[in-house]
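What follows is a single structure, written as structure tokens, with notes after it.
One-based numbering, in listed order, for ligands and for the atoms of each. Below, all heavy atoms of this structure are taken into account, side chains as well, without hydrogens, waters or symmetry copies.
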Amino acid sequence: MVEEVEAVQSKAKSRASRSTLHLVSSAATLLADVQADQAPRIHTGMIELDRVLGGGLVPGSMVLVGGDPGMGKSTLMLQLAAFAGAAVPEHPCLYVTGEESLHQIKQRAERLGVRSEGIVVASETNVERIVALIEQVSPALVVVDSVQTITTDLLESTAGSVAQVRECTSLLTRVAKRSGIPIIIVGHVTKDGLIAGPKVLEHMVDAVLQFEGEGTYSYRVLRALKNRYGSTNEIGVFDMTASGLREVLNPSEALLSNRSMDEPGTAVVAVMEGTRPLLVEVQALVSPSGYSVPQRVSTGYDARRLQMILAILEKRGGVQVRQSDVFVNVAGGIAVQDSAIDLGVAMAIASSVADRPIPAGIAFVGELGLTGEVRRVAYLEQRVSEAVRLGLDKIYAPNTAEAPSKNIIQVDRLSFVLRALFH
Ligand code: TYD
Ligand code: MG
């Protein structure tokens with residue numbers, strides 16, 4: 001619980017400043033008469049980022065980029081700023097930082113090897129002065145790194161407090177809408193996994209992009225949690241290298257590149273991330289437990305769902321896991337939310353229990369139900385074609401109404417797949 005003291009006087013001031021923006025319009029218009037804004041989107045120089053944004057940055061939009069510290073938010077923003085700022089010489093990109101010194105940014109730019117002619121940098125934390133800077137520079141794009149460091153004169157509370165974050169974002173949003181300049185704000189994720197008060201910011205911004213990744217892996221996934229100008233759940237995959245973030249245009253290939261073939265306990269699954277099929281390797285290790293309560297550890301896959309899969313395997317598949325520790329890991333550090341991964345998780349576990357590898361060239365698609373049935377999933381065709389493209393030509397998948405592809409082995413029960421592979 002955080003106590004928020006509202007300064008009455010400040011509130012009045014903030015109202016006054018709001019009304020001077022002349023944003024209030026009380027006239028109602030027939031929707032048919034409203035002109036659709038067809039301003040072209042601003043490209044970011046990275047196909048992966050463009051895709052997550054729904055095809056580029058929309059002029060006047062407000063985007064929140066969140067993620068754990070060290071994920072690469074500032075790196076991505078600097079790469080984007082260099083590209084967007086280079087397009088039109090008279091409209092550079094304004095990069096406002098409240099976190100790092102200008103020297104640090106220069107060093108990073110040199111390390112990334114980006115062109116810095118199109119970037120105007122400012123070390124500023126006062127949002128009113130940032131707005132003045134925007135008016136003065138007339139940039140093509142504004143990056144504010146990060147929202148937790150900026151404050152408004154209207155409030156006395158400290159930087160990073162809910163009230164400050166909300167008020168600053170609201171002011172910047174109005175500036176973006178009025179000027180048509182897209183503004184990207186960076187936000188850190190707080191301990192409980194939320195972008196500092198993202199719930200208070202989410203409704204104010206047009207898009208929320210989240211940077212995800214596992215510490216030890218270099219892969220980073222940028223995910224659209226909200227997007228008023230595109231579909232959500234769209235992802236972009238990047239690789240953090242010594243010279244910045246590289247796009248991974250062929251993530252399935254990259255994720256499967258160092259697959260441990262002919263090893264028990266691994267299975268390949270075709271999942272969908274947004275509109276894009278992705279092949280991932282699920283690894284499982286099942287070993288006799290030394291504890292009275294066996295351990296269940298899951299990385300990249302929902303831990304509760306793992307408990308459910310284990311119960312289904314035990315009860316409907318006759319696979320003994322009760323006395324064993326079970327570890328499940330989605331290789332590459334990708335967190336998969338698509339439930340079509342279930343069958344693959346179950347088969348990786350079964351393969352580890354049987355100590356027999358799943359033959360090469362096999363992939364799995366399907367959600368598991370509590371009775372051990374393999375349930376239908378969306379986008380089966382895209383999943384299958386991605387698997388076939390990468391040389392996996394036998395796909396165990398649920399029954400569909402449509403004519404099945406020759407690569408699909410239709411299955412409706414988990415027990416059938418277990419029998420086909422391990423008996
Ligand atoms: P950064 O963009 O500062 O993260 P954030 O703004 O999300 O906190 O990136 C920090 C990490 O990225 C840091 O641990 C070093 C690493 N990194 C590279 O590996 N290569 C690079 O070229 C750069 C700039 C950073
Ligand atoms: Mg940073």
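The protein heavy-atom contact nearest to atom 11 (C) of ligand 1 is Gly70 O, 3.5 Å. Nearest protein neighbour of atom 16 (C) of ligand 1, counting heavy atoms only, is Met240 CE, 3.9 Å. With respect to atom 2 (O) of ligand 1, the closest heavy atom belonging to the protein is Thr75 OG1, 2.5 Å. Atom 4 (O) of ligand 1 has as its closest protein heavy atom Gly72 N, 3.1 Å.
Proximity of Thr241 to ligand 1 is established by a heavy-atom distance of less than 4.0 Å. Residue Gly67 places every heavy atom at 4.0 Å or more from ligand 1.
There is no side-chain donor-acceptor pair under 3.5 Å between Glu99 and Thr149. A donor-acceptor pair shorter than 3.5 Å cannot be found between the side chains of Ser161 and Gln164. Side-chain contact of Thr232 with Asn227: a donor-acceptor pair under 3.5 Å is absent, judged by distance alone.
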query: Can Glu212 and Arg223 be said to form a salt bridge (charged side-chain N to carboxylate O under 4.0 Å, His left out), step by step?
result: CA-CA 8 Å; Glu212 302 168 354; Arg223 192 186 296 274; 3.1 Å; yes
- request: Applying side-chain contact (heavy atoms from CB on, under 4.5 Å), run through Arg305 and Val328 and close with a yes or a no.
  value: CA-CA 11 Å; Arg305 233 177 145 79; Val328 168; over 6 Å; no
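Considering backbone and side-chain atoms alike, Ser74 places an N or O below 3.5 Å from some N or O of ligand 1. Any N or O atom pair closer than 3.5 Å counts here, and Leu112 shares no such pair with ligand 1. Residue Arg108 places at least one N or O, backbone or side chain, under 3.5 Å from an N or O of ligand 1.
The nearest protein heavy atom to atom 13 (C) of ligand 1 is not closer than 4.0 Å. Protein heavy atoms are found inside the 4.0 Å sphere centred on atom 18 (C) of ligand 1.
Taking every heavy atom of Gly244 and a limit of under 4.0 angstrom, the matching atoms of ligand 1 come to 20 (N), 21 (C), 22 (O). Listed by number with element, the atoms of ligand 1 under 4.0 angstrom from any heavy atom of Pro69 are 8 (O).
Between Arg178 and Glu135, at least one side-chain nitrogen of the basic residue sits less than 4.0 Å from a carboxylate oxygen of the acidic one, meeting the salt-bridge criterion. One finds no salt bridge joining Glu273 and Arg276 here, because no Lys/Arg side-chain nitrogen approaches an Asp/Glu carboxylate oxygen to under 4.0 Å.
Nearest residue to atom 7 (O) of ligand 1 from Arg111, Lys73, Glu110 is Lys73 (criterion: closest heavy atom).
Of all the heavy atoms in Gly67 and Gln210, the pair that sits closest is N-OE1, 4.4 Å. Nearest heavy atom pair, residue Val377 against residue Gly366, reads CG1-CA, 4.1 Å.
Heavy-atom neighbours of Lys394 NZ from other residues, nucleotides or ligands within 6.0 Å: at or below the threshold of 12.
The Mg ion (ligand 2) has no N, O or S atom of Ser146 inside 2.8 Å of it.
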